[in-house]
Amino acid sequence: MQLQILGYLVWLLIGASAVGCAYLWYACNAVAKFAKRAPPRAATQPPVSVLKPLRGEDPALAANLRSFLRQDYGDFQVVFGVAEANDPALAVIRRMRAEFPSADIALMTGQAQGTNLKIANLRNMLPAARHDLLVLADSDMRVGPDYLATVTAPLVSRGAVGLVTCLYRAISAGGLWSDLACLHINHGFLPQAVVGDALGRGSGCFGATMALDRATLAAAGGLEALADQLADDHALGRAVHRLGREVELSPFLVNDIVAEDDIRGLFLHELRWARTIRLVAPAGFAGSIVTFPVPLALLALCLGGAPVAAAAMTVAALAVRGLTGRRIDRALRLEAAPLWLLPLRDLLSFVVFIASFLGRSVAWRDRRFRIGPEGQLIPEKPR
């Protein structure tokens, strides 16, 4: 009886791996199609305030901020915000002011109440924004000169669009852990988001870019409604949907400069992402187990119930993973990832996936939180 159950389990894993291979092929085609989408154009360029919440300095910060100040756009303002008066990012902001003396730059220090420190920072920054059109963008993003013109065009041209968001491709700052983190974004997160959009089940909202006008933000509950939310970007997109407005995924791909120092930081970072996604889309997240064809085939092979079929499935899954990985790299105009890293990345992602079901706590920066029933962040007491 036990051998029979083992046999069923092995064939179930082999079947799931085959489905995963089909998914990888569909996903890489969806990414290639998405990458070819033409960016929208608008007849006018209304004034824009860009809000950039910052905390700390990393080697890429100056180049990231510089890219937002070099926009081919008419009237735009950049608002920087830090929580503390001794934040190292302030030195970089001073350099930007000296480098771009004619740029409209504002700086706000301090933060409002709330457990989500990024939103607390943004709430403190918002009064300094001079314009009605707002673009919120994370600090680790780097953009091209046509960024503002592209992401604001749908808000100007199509009245039903209430918010524009962007996906991001990852660029490694160097090192094995940064490389593995980039593979997760470029070959895991991004293809899943593109597939969701292609199937009409996307409409996600991503912190890489959230562009909307001040009236829409206020009608959606304002930043105050996001003060304690873990998935603040998703919550904002959902609130805009409730207003009867569309959330549009822009074809503009932002560059995310990724730096991970060690395996612990990488694991905790990705565990927070996984538990965030499990929170906002539990059924879809559970079903995403089939997106790991290599680990599933290897698990079937280790169980030993059908060794020939499991071995053949493992070889097929590795081949499909390598082929689709190369196609995604070409579509996103990235350097080709080392093929040997792809199965290692898949195994790590599978471990993170399993671990995401084993608790409700997350680490964010140097703080730990428990996720409440409504997705709120509840600070944990230090042990």
Side-chain angles (χ1 to χ4, degrees), residues 17 20-21 23-24 27-28 31 56 58-61 63-64 138-142 167-195 206-208 253-278 285 288-299 314 317-359 362-366:
S17 179
C21 289
Y23 160 79
L24 289 181
C28 79
V31 170
D58 60 69
L61 182 61
N64 294 345
D138 289 343
S139 62
D140 54 351
M141 301 298 162
R142 189 177 300 176
L167 285 170
Y168 47 94
R169 61 190 160 201
I171 308 295
S172 175
L176 174 62
W177 310 120
S178 299
D179 293 346
L180 285 172
C182 289
L183 289 179
H184 168 68
I185 293 171
N186 296 331
H187 297 271
F189 160 74
L190 187 149
Q192 287 186 25
V194 170
V195 167
F206 310 104
L253 282 175
V254 180
N255 289 331
D256 181 9
I257 311 304
V258 175
E260 293 287 356
D261 295 328
D262 51 43
I263 182 62
R264 181 178 183 275
L266 172 63
F267 180 81
L268 291 177
H269 197 174
E270 294 186 359
L271 183 61
R272 173 168 64 86
W273 283 348
R275 288 181 173 165
T276 301
I277 298 171
R278 182 166 68 89
F285 181 76
S288 69
I289 190 173
V290 298
T291 65
F292 303 108
V294 173
L296 293 173
L298 285 173
L299 185 56
T314 301
L318 287 168
V320 170
R321 190 70 173 103
L323 179 60
T324 56
R326 282 286 182 267
R327 291 193 62 197
I328 288 176
D329 285 336
R330 285 197 298 270
L332 299 179
R333 298 185 297 279
L334 296 168
E335 291 186 13
L339 288 177
W340 68 270
L341 269 185
L342 290 174
L344 179 62
R345 173 66 261 183
D346 288 350
L347 291 173
L348 176 57
S349 295
F350 193 66
V351 171
V352 172
F353 176 82
I354 298 300
S356 70
F357 292 95
L358 304 180
V362 295
W364 198 347
R365 297 282 186 170
D366 53 354

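- Between atom CG of residue D179 and atom NE2 of residue H184 there is a gap of 15.0 Å, rounded to the nearest 0.5 Å.
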Would you sort out whether R278 and F353 count as a side-chain contact (heavy atoms from CB on, under 4.5 Å), showing the intermediate values? CA-CA 9 Å; R278 182 166 68 89; F353 176 82; over 6 Å; no

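- The CG atom of L318 lies 12.5 Å from the CG atom of L323; values are rounded to the nearest 0.5 Å.
- For the pair F350 and I289, the minimum side-chain heavy-atom distance is below 4.5 Å.
- The stretch residues 317-332 participates, sequence neighbours left out, in these salt bridge (Lys or Arg N to Asp or Glu O under 4.0 Å) pairs: R321-D346.
- When every heavy atom of T324 is checked against every heavy atom of C28, the shortest pair comes out as CG2-SG, 3.9 Å.
- In this structure, L61 CG and I257 CD1 are separated by 11.0 Å, a value rounded to the nearest 0.5 Å.
- Between P293 and L24, the closest side-chain pair of non-hydrogen atoms falls below 4.5 Å.
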I'd like to know whether Y168 forms a side-chain contact (heavy atoms from CB on, under 4.5 Å) with L190, so could you lay out the CA-CA distance, the side-chain angles of the two residues, the decisive distance to 0.1 Å, and finally the verdict. CA-CA 7 Å; Y168 47 94; L190 187 149; over 6 Å; no

So I171 and L334, side-chain contact (heavy atoms from CB on, under 4.5 Å) or not? Walk me through it. CA-CA 8 Å; I171 308 295; L334 296 168; 3.7 Å; yes

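- Counting only residues at least two apart or in different chains, salt bridge (Lys or Arg N to Asp or Glu O under 4.0 Å) contacts with residues 258-275 comprise E270-R345.
- At a threshold of 4.5 Å between non-hydrogen side-chain atoms, the residues L266 and L348 count as touching.
- Of the listed residues (V254, N64, D256), just one forms a side-chain contact (heavy atoms from CB on, under 4.5 Å) with R142, and that residue is N64.
- Atoms CD1 and CH2, on I263 and W177 in that order, are 4.0 Å from each other to the nearest 0.5 Å.
- Once rounded to the nearest 0.5 Å, the distance linking CG of D140 with CG of N255 reads 11.0 Å.
- At least one donor-acceptor pair closer than 3.5 Å links the side chain of T291 to the backbone N or O of S288.
- The shortest distance between side-chain heavy atoms of L342 and L183 falls below 4.5 Å.
- Listed here is the closest heavy atom pair of N186 and I328: O-CG2, 3.5 Å.
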Show your working on side-chain contact (heavy atoms from CB on, under 4.5 Å) between F267 and V351 and close with a plain yes or no. CA-CA 9 Å; F267 180 81; V351 171; 4.2 Å; yes

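- Within the 4.5 Å cutoff, the side chain of L271 has no heavy atoms near those of the V362 side chain.
- The nearest pair of heavy atoms linking C182 to S172 is SG-N, 3.3 Å.
- Between L253 atom CG and L167 atom CG the span is 6.5 Å, to the nearest 0.5 Å.
- Inter-residue side-chain proximity for P295 and L347 is flagged as met; some heavy-atom pair is nearer than 4.5 Å.
- Relative orientation of the F357 and F285 rings is tilted, given thresholds of 30° and 60° on the angle between their planes.
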